[in-house]
Amino acid sequence: MIYNTLSGRIEEFKPLEEGVVKLYTCGPTVYDYAHIGNFRSYVAEDLLKRFLKFLGYRVIHVMNITDVDDKTIAGARAEGISLKGFTAKYEKAFFEDIETLRLDKADYYPKATEHVEDMIKIIQGLLEKGYAYEKEGSIYFRISSFPEYGKLSKIKKEELKAGIRIDADEYEKEDVRDFALWKAKKPGEPSWPAPFGEGRPGWHIECSAMSMKYLGPTIDIHARGVDNIFPHHENEIAQSEAYTGKQFVRYWFHVQHLIVNGEKMSKSKGNFYTLRDLLSMGFSPRAIRYLLLTTHYRKVLNFTFDALYQATASLKRITDFLFELETRNFSDGQTEEARNMIEKTKKDFTAALLDDLNISGAIAAIFEMIHWGNKAMEGEKLKKKDAEQIKLLFYDLDRVLAILPEKIIEELPDEIMELIKKREEARKNRDFATADAIRDELFKKGIILEDTKEGTRWKIIKT
RNA sequence: GGCGGCGUAGCCAAGCGGUAAGGCAGCGGUCUGCAAAACCGUUAUUCGCCGGUUCGAAUCCGGCCGCCGCCUCCA
């Protein structure tokens with residue numbers, strides 16, 4: 001069950017081809033470092049994709065890289081370097097960020113500059129069919145030729161006229177609502193040859209071309225932030241469907257925006273954060289992912305540092321639980337109760353996500369498992385096999401969430417281990433002043449010591 | 001003005017007609033040399049406000065108030 005912007009309703013999800021999902025997500029325009037608002041979308045899309053895979057679908061995922069447009073051209077010019085040199089830097093940064101946030105890799109990352117041929121082909125086709133026209137070297141899509149224009153954004157094209165601003169370089173259009181497929185060559189701008197004249201592609205056409213090229217005329221899911229509904233996605237539908245005569249996208253998945261402290265994030269307000277900003281402040285990638293992940297994708301996410309601390313603390317409860325499972329001594333055996341609880345957790349988790357990605361319900365299932373498990377451990381009722389099965393469950397569900405640390409138990413350098421030993425000696429001799437001093441010292445280094453019946457154990461503060 | 005979304009405890013957040021999940025924070029207790037972790041108890045007679053439908057509404061309908069986004073190639 002998933003919400004489809006096209007119908008405005010929650011619908012049953014059924015891919016065109018059984019067992020296979022064709023997914024296209026609009027990627028970054030590589031002119032700057034991506035900010036957390038961008039990543040809110042990517043993380044939500046990642047949840048969708050990972051969950052589909054979890055359900056057993058084979059997902060073919062394409063994410064485009066926009067490496068030619070007004071902003072990239074302007075950026076390259078400002079730095080006095082080539083367009084390619086300019087975009088390469090941000091493209092590299094983007095892939096690093098993807099890694100940091102554990103976004104599942106797409107199968108293809110096509111670049112606009114490498115698919116100009118494909119775009120030209122479509123534009124040519126649209127010209128031949130009369131959906132497009134040439135004006136002073138540029139090619140525009142004729143909206144009046146596509147009766148269904150507005151079906152996604154529910155905008156009536158007749159009403160679009162009022163108040164619209166006319167770009168200085170575009171006033172030659174037949175109709176102000178028409179959009180550019182191809183922009184005529186301008187001095188100093190990169191351009192490509194085409195049968196209809198040298199120039200560069202418009203923004204909307206790239207998604208259509210690359211989506212069709214890698215996934216065919218009709219795809220299952222197209223995803224991106226809500227602000228792209230109009231005009232970007234609306235235009236994609238128009239040009240694609242006009243060209244192929246087939247439905248372009250079956251399910252439109254739109255992610256709500258992120259705001260910061262109740263306000264729209266913007267550079268002028270000083271509340272603009274890139275992933276890198278947050279990392280340099282010391283927040284862990286997992287906590288950032290957790291925060292972006294755990295608000296339902298159709299709800300505005302109000303980003304605050306308080307929320308980020310809360311995310312960090314929630315995550316700690318999860319990892320502390322796994323730590324217990326890892327370090328406690330359990331007696332052999334397995335219990336029926338644990339088995340039932342594990343089954344229930346998996347069932348509840350899946351059922352929640354099946355309901356239009358109800359992440360809160362899914363997370364609640366995990367915390368209910370944790371509470372049950374902690375309680376069972378408190379009463380020494382959990383057996384060895386139970387603990388193992390619960391761990392397996394958590395790593396199984398983490399295929400969807402991707403929030404668990406790679407290692408639960410950390411290795412410490414020898415000199416630290418020496419200190420821990422020294423402290424244990426001190427404690428044995430009831431020299432608590434020395435013991436506490438060592439504990440404080442290590443805490444400052446990010447190591448937490450905990451004294452249990454089974455001896456002293458340590459954790460590294462990471463989240 | 002048009003289109004869309006939201007308003008649930010100090011904070012984050014489920015709920016989709018049957019009597020308020022979950023997380024964070026706080027408070028009291030157990031455990032501990034002290035902590036930490038964990039556990040037990042506690043924190044919304046109430047879901048922006050006002051009406052209506054119903055045996056019964058946070059959930060449905062009407063009105064009002066407040067907030068956010070899009071309608072400009074900003075995700």
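Every chain is numbered from 1 and lettered A, B, ... according to where its sequence line falls, protein lines coming before strand lines.
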Quick one: the side chain of [X] and the base of [N], do they pair up donor-acceptor inside 3.5 Å?
{"X": "A:D436", "N": "B:rG33", "result": "yes"}
{"X": "A:R177", "N": "B:rC71", "result": "no"}
{"X": "A:R317", "N": "B:rA37", "result": "no"}
{"X": "A:Q310", "N": "B:rC11", "result": "yes"}

Return the nucleotide paired to [N]: Watson-Crick means purine N1 to pyrimidine N3 with N6-O4 or O6-N4, wobble means G-U with N1-O2 and O6-N3, both under 3.5 Å.
{"N": "B:rA20", "result": "none"}
{"N": "B:rA38", "result": "B:rU30"}
{"N": "B:rU72", "result": "none"}
{"N": "B:rC60", "result": "B:rG52"}
{"N": "B:rG66", "result": "B:rC6"}
{"N": "B:rA14", "result": "none"}
{"N": "B:rU46", "result": "none"}

Hey, is [X] close enough to [Y] for a salt bridge, meaning N to O under 4.0 Å?
{"X": "A:K111", "Y": "A:E91", "value": "yes"}
{"X": "A:R298", "Y": "A:D356", "value": "yes"}
{"X": "A:D348", "Y": "A:K344", "value": "yes"}
{"X": "A:E234", "Y": "A:K151", "value": "no"}
{"X": "A:K49", "Y": "A:D46", "value": "no"}
{"X": "A:D70", "Y": "A:K183", "value": "yes"}

For [X], which contact category applies under a 4.0 Å heavy-atom criterion: base, sugar-phosphate, or nothing?
{"X": "A:E263", "result": "nothing"}
{"X": "A:R423", "result": "base"}
{"X": "A:S153", "result": "sugar-phosphate"}
{"X": "A:N374", "result": "sugar-phosphate"}
{"X": "A:A313", "result": "sugar-phosphate"}
{"X": "A:P28", "result": "nothing"}
{"X": "A:D306", "result": "sugar-phosphate"}
{"X": "A:L291", "result": "nothing"}
{"X": "A:L449", "result": "base"}

Nucleotide [N], atom [atom2] - distance to [atom1] of [X] in whole Å:
{"X": "A:D451", "N": "B:rC31", "atom1": "CG", "atom2": "P", "value": "17 Å"}
{"X": "A:R224", "N": "B:rG69", "atom1": "CZ", "atom2": "C1'", "value": "16 Å"}
{"X": "A:K453", "N": "B:rU30", "atom1": "NZ", "atom2": "P", "value": "16 Å"}
{"X": "A:E378", "N": "B:rA37", "atom1": "CD", "atom2": "P", "value": "13 Å"}
{"X": "A:L308", "N": "B:rC12", "atom1": "CG", "atom2": "C1'", "value": "12 Å"}
{"X": "A:H371", "N": "B:rC24", "atom1": "NE2", "atom2": "P", "value": "11 Å"}
{"X": "A:H296", "N": "B:rC16", "atom1": "NE2", "atom2": "P", "value": "14 Å"}
{"X": "A:L293", "N": "B:rA13", "atom1": "CG", "atom2": "P", "value": "14 Å"}

- Note on the structure: Regarding the side chain of A:S314, the nearest nucleotide among B:rC24, B:rC68, B:rC70 is B:rC24
- Does NZ or CZ of A:K459 fall inside the cone over A:F323's six-membered ring, less than 6.0 Å from its centre and within 45° of the axis? yes
- Taking the side chain as every heavy atom from C-beta outward, state whether A:L325 and A:F330 have any atom pair closer than 4.5 Å. yes
- Message: Is any side-chain heavy atom of A:T5 closer than 4.5 Å to one of A:F253?
- Response: no
Within the pair [X] and [N], is there a side-chain N or O less than 4.0 Å away from OP1 or OP2?
{"X": "A:K299", "N": "B:rA14", "result": "yes"}
{"X": "A:K316", "N": "B:rA36", "result": "no"}
{"X": "A:N228", "N": "B:rC73", "result": "no"}
{"X": "A:K264", "N": "B:rC70", "result": "yes"}

In whole angstrom, give me the gap between the [atom1] atoms of [N] and [M].
{"N": "B:rU30", "M": "B:rG66", "atom1": "C1'", "value": "46 Å"}
{"N": "B:rG62", "M": "B:rC24", "atom1": "C1'", "value": "38 Å"}
{"N": "B:rA20", "M": "B:rA9", "atom1": "C1'", "value": "11 Å"}
{"N": "B:rG5", "M": "B:rG41", "atom1": "C1'", "value": "39 Å"}
{"N": "B:rG63", "M": "B:rG4", "atom1": "P", "value": "15 Å"}
{"N": "B:rC55", "M": "B:rU42", "atom1": "P", "value": "35 Å"}
{"N": "B:rC16", "M": "B:rG22", "atom1": "P", "value": "15 Å"}
{"N": "B:rU46", "M": "B:rG56", "atom1": "C1'", "value": "16 Å"}

- Task: Measure from the ring centre of A:F432 to the centre of the six-membered ring in the base of B:rG33, then say whether that distance is under 5.5 Å and the planes meet at under 30°.
- Result: yes
- Using the closest heavy atom to pick a nucleotide of RNA chain B for each, name whichever of A:T295 or A:R457 lands nearer the 5' end. A:T295
- Note on the structure: The answer to which of A:R427 and A:G37 contacts RNA chain B further toward the 5' end, by nearest nucleotide, is A:R427
